[in-house]
Amino acid sequence: MQKPAALPKNPNFSSGPCAKRPGWSFEALKDAPLGRSHRAKVGKAKLKLAIELTREVLQVPADYRIGIVPASDTGAVEMAMWSLLGSRPVDALAWESFGEGWVTDILKQLKLKDTRVLKAPYGEISDLASVNFDNDVIFTWNGTTSGVRVPNGDWIAADRKGLTFADSTSAAFAQRLDWQKLDVVTFSWQKALGGEGAHGVLILSPRAVERLESYTPAWPMPKIFRMTKGGKVIEGIFQGETINTPSMLCVEDYIDALSWAKGLGGLDGLVARADANTKVLADWVAKSGWAAFLAKDASIRSNTSVCLKVIDPAIASRSAEDQAAFAKKLAALLEKEKAAYDIGAYRDAPPGLRVWCGATVEASDVALLTQWLDWAFATAKAELAA
Ligand SMILES: Cc1ncc(COP(=O)(O)O)c(C=O)c1O
């Protein structure tokens with residue numbers, strides 16, 4: 001098979017850090033107050049602006065608090081779990097690697113015995129109908145390593161007694177989060193807006209704040225996780241007074257990304273772009289003859305971290321090791337040709353490919369990528385037969 005004539009303009013299809021917005025350059029960072037204190041007026045104003053733009057673009061309710069916290073999405077999730085869990089039993093949902101990671105923390109680190117784990121294999125989702133909302137409930141809105149997301153927030157009880165925790169790092173800015181059903185939402189900047197790693201965002205509902213102020217966990221709380229003082233929430237954290245020093249370069253970049261998102265029409269524009277990118281891939285999958293989605297059911301299929309598997313019988317009939325080697329070969333061929341970087345399946349996931357379709361990716365590039373996917377498949381299969 002002949003190589004396609006054109007390469008994607010931007011071959012960055014990684015699922016994190018994700019492609020920077022179209023047109024991004026270092027020029028976007030020129031107003032960063034470098035060398036200044038983040039507690040100076042100028043630094044605090046930037047952090048506050050980042051919070052305000054986050055609220056506007058994500059349509060976060062006015063009474064929810066938004067904080068910029070250390071250690072990316074992991075930091076935000078850990079901070080929330082260590083600060084809030086332990087007062088009620090927990091339902092922990094896991095259908096891929098990151099959800100499983102939070103389960104491990106709850107069982108092995110926090111050692112919360114009264115925990116129910118609702119697991120599902122890669123490509124499927126936990127039984128949402130069996131969740132007990134008297135309990136605290138933790139789940140991943142979009143499972144980045146399997147390309148399976150929750151269909152919406154309808155399954156979450158409006159009159160719940162427990163808190164809901166949604167790790168939304170690969171959903172925010174591409175999918176609609178149902179705020180009234182969520183008490184704790186986390187994400188990092190390196191995902192759907194193509195920002196930089198390092199910082200996380202933690203969003204708390206009024207009920208989550210009530211829990212913070214009425215419950216003290218049995219375990220010690222490191223300074224980096226501490227959100228209360230004298231039994232009261234530290235409001236400054238949610239107004240840009242970060243717990244420790246942030247990178248003002250990352251903050252500037254996040255503000256740039258949010259401004260770009262606003263220019264697209266905000267959340268509607270972002271969701272539309274991610275949906276359009278995913279549709280290009282779905283239309284191609286339907287006629288490829290060799291690829292299929294890992295998520296069989298379209299209602300739970302991600303529009304960001306789209307996971308694919310090889311279903312061509314000549315490959316799919318082979319051992320798991322051979323299938324993994326074949327998928328790796330595809331990714332390596334595409335990288336060598338500069339057609340796509342970092343699209344191998346996550347290390348714990350079934351063998352295959354994962355293509356990021358969030359809003360910073362252009363549909364025209366996804367279309368070009370599909371031609372390269374067919375080329376890589378034909379090339380790798382021919383090598384196998386030789
Ligand atoms: C669902 C999910 N949770 C957590 C993480 C960890 O994110 P970070 O590296 O930003 O802490 C990732 C990263 O890909 C993720 O996809």
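Residue indices begin at 1 and follow the sequence shown. Whatever order the structure lists ligands and atoms in, that order sets their numbers, starting from 1.
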Quiz item: Do NZ/NE/NH1/NH2 and the carboxylate oxygens of Lys381 and Asp312 come within less than 4.0 Å?
Solution: yes
Exercise. Specify whether Phe326 and Phe377 have parallel, tilted or perpendicular ring planes, treating 30° as the upper limit for parallel and 60° as the lower limit for perpendicular.
Key: perpendicular
Practice problem: Taking the six-membered ring for Trp and the single ring otherwise, decide whether the centroids of Phe139 and Trp155 are under 6.0 Å apart. | Solution: yes
Run through all N or O atoms in ligand 1 and write down each protein N or O closer than 3.5 Å, as a pair with its distance.
unit_1	atom_1	unit_2	atom_2	d
ligand 1	3 (N)	Asp73	OD2	3.2
ligand 1	3 (N)	Asp167	OD2	2.6
ligand 1	10 (O)	Ser72	OG	2.5
ligand 1	10 (O)	Asp73	N	3.3
ligand 1	10 (O)	Ser188	OG	3.2
ligand 1	10 (O)	Gln190	NE2	2.9
ligand 1	11 (O)	Asp73	N	3.3
ligand 1	11 (O)	Thr74	N	2.8
ligand 1	11 (O)	Thr74	OG1	2.5
ligand 1	14 (O)	Lys191	NZ	2.6
ligand 1	16 (O)	Thr144	OG1	2.4

Quiz prompt | Salt bridge Asp183-Arg207, side-chain N to carboxylate O under 4.0 Å | solution = yes
Self-check item: Whether Trp372 and Trp375 hold their rings parallel, tilted or perpendicular, with breakpoints at 30° and 60°
Solution: perpendicular
Quiz item: Hey, what's the ring geometry for Phe98 with Tyr346, parallel, tilted or perpendicular (30° and 60° as the breaks)?
Solution: tilted
